Amino acid sequence: MAKPQKPQDIYVANGWYLTIPVPGILSDGLFETLEGVQKQSGTVEVVDAGTNKKYKFTDQLTDLGEMTLTRPYNGSAADRAMEALVTTCIENGLKLPVTAVKMHQGKEVFTIIFEGFRFITATYPTFDVGSSDKFVVSYTATCDGWTILPVGV
C-alpha cells in the first residue's frame, strides 16, 4: 500500500480571472464570483423483482448545469459592453469561448476552458432607496463543455 502524501500547499477560493473575448470586457477584475461549474450524469434505476433491490446505471447524458456570475456596476464602459453582450446572447443565442484562470501566490496554476459559453439571464438588484449595498448584477450562464488544463499544456 502506498504511503499517504503530505500536502505541500493548498489552493484558496480567490485568485480567479475570467476572460471573455469581447471588446470592452477583457478586464480580469470584471467579475467578483463565478459559481456552479459542475459536471454530473443522470441515473436510470431498475428494480430487481426478486430481491426488491434498486440498481442504478448511468443514463449516458452529461449535464453541465448552470453557472452564476456576479459583478458590481461602476459606471464604466464595461457596464455598457456587458449589457450589449448579454442582450445579444439572450436574443440571438451567441456563444463564446471563455476561459477562467486560477492564480495561486501570483502564479497561474490551471485554466478552465469553456466551450459554447452563453449568458442566459441578467438579474438586477432590488432598487432600494434606503440601501447602501453595492449595485451587484447577477448573470446566469451555460456552456456546452469545459476542460481543465494544467499550466504548461
Side-chain angles (χ1 to χ4, degrees), residues 1-73 78-79 81-126 134 136-153:
M1 181 174 222
K3 289 178 71 174
Q5 294 182 9
K6 293 181 183 177
Q8 300 299 315
D9 200 356
I10 189 163
Y11 295 154
V12 293
N14 63 14
W16 288 92
Y17 68 88
L18 197 68
T19 302
I20 299 175
V22 173
I25 306 180
L26 300 174
S27 169
D28 61 357
L30 195 59
F31 296 95
E32 287 189 344
T33 64
L34 166 61
E35 59 184 302
V37 178
Q38 61 181 315
K39 286 183 185 177
Q40 63 185 18
S41 75
T43 302
V44 175
E45 296 180 354
V46 176
V47 177
D48 178 43
T51 62
N52 284 336
K53 285 185 180 179
K54 204 183 271 189
Y55 294 97
K56 297 178 181 169
F57 303 94
T58 180
D59 64 5
Q60 300 179 18
L61 300 174
T62 300
D63 183 3
L64 300 176
E66 294 180 347
M67 297 169 274
T68 303
L69 299 91
T70 61
R71 64 176 296 272
Y73 264 43
D79 293 343
M82 274 302 298
E83 290 167 2
L85 174 61
V86 171
T87 298
T88 302
C89 287
I90 291 171
E91 293 178 358
N92 301 328
L94 175 68
K95 293 183 177 185
L96 302 163
V98 170
T99 59
V101 177
K102 172 63 179 139
M103 303 292 288
H104 184 67
Q105 297 183 353
K107 296 178 183 171
E108 183 178 326
V109 290
F110 64 86
T111 300
I112 301 176
I113 298 175
F114 295 99
E115 302 166 23
F117 185 95
R118 181 174 71 95
F119 288 104
I120 59 173
T121 64
T123 305
Y124 292 82
T126 302
K134 294 183 287 187
V136 176
V137 180
S138 175
Y139 303 93
T140 305
T142 61
C143 70
D144 296 332
W146 56 267
T147 306
I148 295 178
L149 296 178
V151 173
V153 174

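Throughout, residue positions are numbered sequentially from 1 according to the sequence presented. Predicted model, so just to flag it, every value in this text is computed and none were measured.
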**Q** Could you measure the distance from the CG atom of D59 to the OG1 atom of T43? Nearest 0.5 Å is fine.
**A**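 Answer rounded to 0.5 Å: 6.5 Å.
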**Q** With heavy-atom distances below 4.5 Å as the criterion, would you say the side chains of Q105 and D9 are in contact?
**A**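 In short, these two side chains touch, coming nearer than 4.5 Å.
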**Q** Under 4.5 Å between any side-chain heavy atoms of V98 and L18, yes or no?
**A**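 The answer is yes, as the side chains (C-beta and beyond) meet within the 4.5 Å cut-off.
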**Q** So do L85 and Y139 actually touch side chain to side chain, heavy atoms under 4.5 Å?
**A**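 No, too far: nothing below the 4.5 Å cut-off.
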**Q** Step through the shown structure and confirm whether more than 12 heavy atoms of other residues, nucleotides or ligands are within 6.0 Å of NZ on K39.
**A**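 Yes, because the 6.0 Å sphere around NZ of K39 holds more than 12 heavy atoms from other groups.
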**Q** F119 and V86: which non-hydrogen atoms are nearest, and at how many Å?
**A**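 Looks like CG-CG2, 4.0 Å.
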**Q** Can you find a heavy atom in the side chain of E66 that is under 4.5 Å from one in the side chain of T121?
**A**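 SC-SC contact between E66 and T121 ruled out.
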**Q** Just wondering, are more than 12 heavy atoms of other shown residues or ligands nearer than 6.0 Å to CD in Q60?
**A**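 Open: at most 12 neighbouring heavy atoms sit under 6.0 Å from CD of Q60.
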**Q** Answer whether the closest heavy-atom distance between the side chains of W16 and F31 falls below 4.5 Å.
**A**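 No, too far: nothing below the 4.5 Å cut-off.
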**Q** Measure the shortest side-chain to side-chain distance between L64 and F114 over non-hydrogen atoms and say whether it is less than 4.5 angstrom.
**A**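 No, every pair of side-chain atoms sits at 4.5 Å or beyond.
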**Q** Which heavy atom in L34 sits nearest to a heavy atom in A100, and how many Å separate them?
**A**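 That would be CD2-CB, 4.4 Å.
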**Q** I need the I120 CD1 to F117 CZ distance, nearest 0.5 Å.
**A**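 With rounding to 0.5 Å, CD1 (I120) is 10.0 Å from CZ (F117).
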**Q** To the nearest 0.5 angstrom, please state how far the CD atom of Q38 sits from the OG1 atom of T62.
**A**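 Here the interatomic distance stands at 12.0 Å.
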**Q** Can you name the closest pair of heavy atoms from P125 and V136 and give their distance?
**A**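 So the two residues come closest at CD-O, 3.3 Å.
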**Q** Sub-3.5 Å donor-acceptor pair from the side chain of K56 to the main-chain atoms of V46, do we have one?
**A**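 Between the backbone of V46 and the side chain of K56 there is no qualifying donor-acceptor contact (under 3.5 Å).
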**Q** After noting the C-alpha distance and the side-chain angles of D144 and R118, does the key distance pass the salt bridge (charged side-chain N to carboxylate O under 4.0 Å, His left out) rule?
**A** CA-CA 9 Å; D144 296 332; R118 181 174 71 95; over 6 Å; no
**Q** Closer than 3.5 angstrom, by distance alone: can the side chain of W146 be matched with the main-chain N or O of T99 as a donor-acceptor pair?
**A**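 No, W146 side chain to T99 backbone: no donor-acceptor pair under 3.5 Å.
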**Q** Determine the minimum heavy-atom distance between P72 and D79, stating which atoms define it.
**A**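 Distance-wise, the nearest heavy atoms are O-OD1, 4.3 Å.
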**Q** Keeping K102 on the side-chain end and A13 on the backbone end, is there a donor-acceptor pair under 3.5 Å?
**A**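 Here the side-chain-to-backbone pair does not exist.
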**Q** Examine distances only and state if a side-chain atom of N92 and a backbone atom of L94 form a donor-acceptor pair shorter than 3.5 Å.
**A**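 The answer is no, because no donor-acceptor pair under 3.5 Å joins these two groups.
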**Q** Report the C-alpha distance between E115 and T147 in whole Å, list the side-chain angles of each, state the deciding distance to 0.1 Å, and finish with yes or no for side chain to side chain contact (heavy atoms under 4.5 Å, CB included).
**A** CA-CA 9 Å; E115 302 166 23; T147 306; 4.2 Å; yes
**Q** Over all heavy atoms of both residues, which pair between L30 and R71 is shortest? Give the atoms and the distance, please.
**A**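 Where L30 meets R71 most closely, the heavy atoms are O-CB, 3.0 Å.
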**Q** Looking only at non-hydrogen atoms, find the nearest pair between A141 and L69 and report the distance.
**A**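 Here A141 and L69 meet closest at CB-CD1, 3.9 Å.
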**Q** Atom CE of M103 and atom OG1 of T111: how far apart are they, to the nearest 0.5 Å?
**A**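 Here the rounded value is 9.5 Å.
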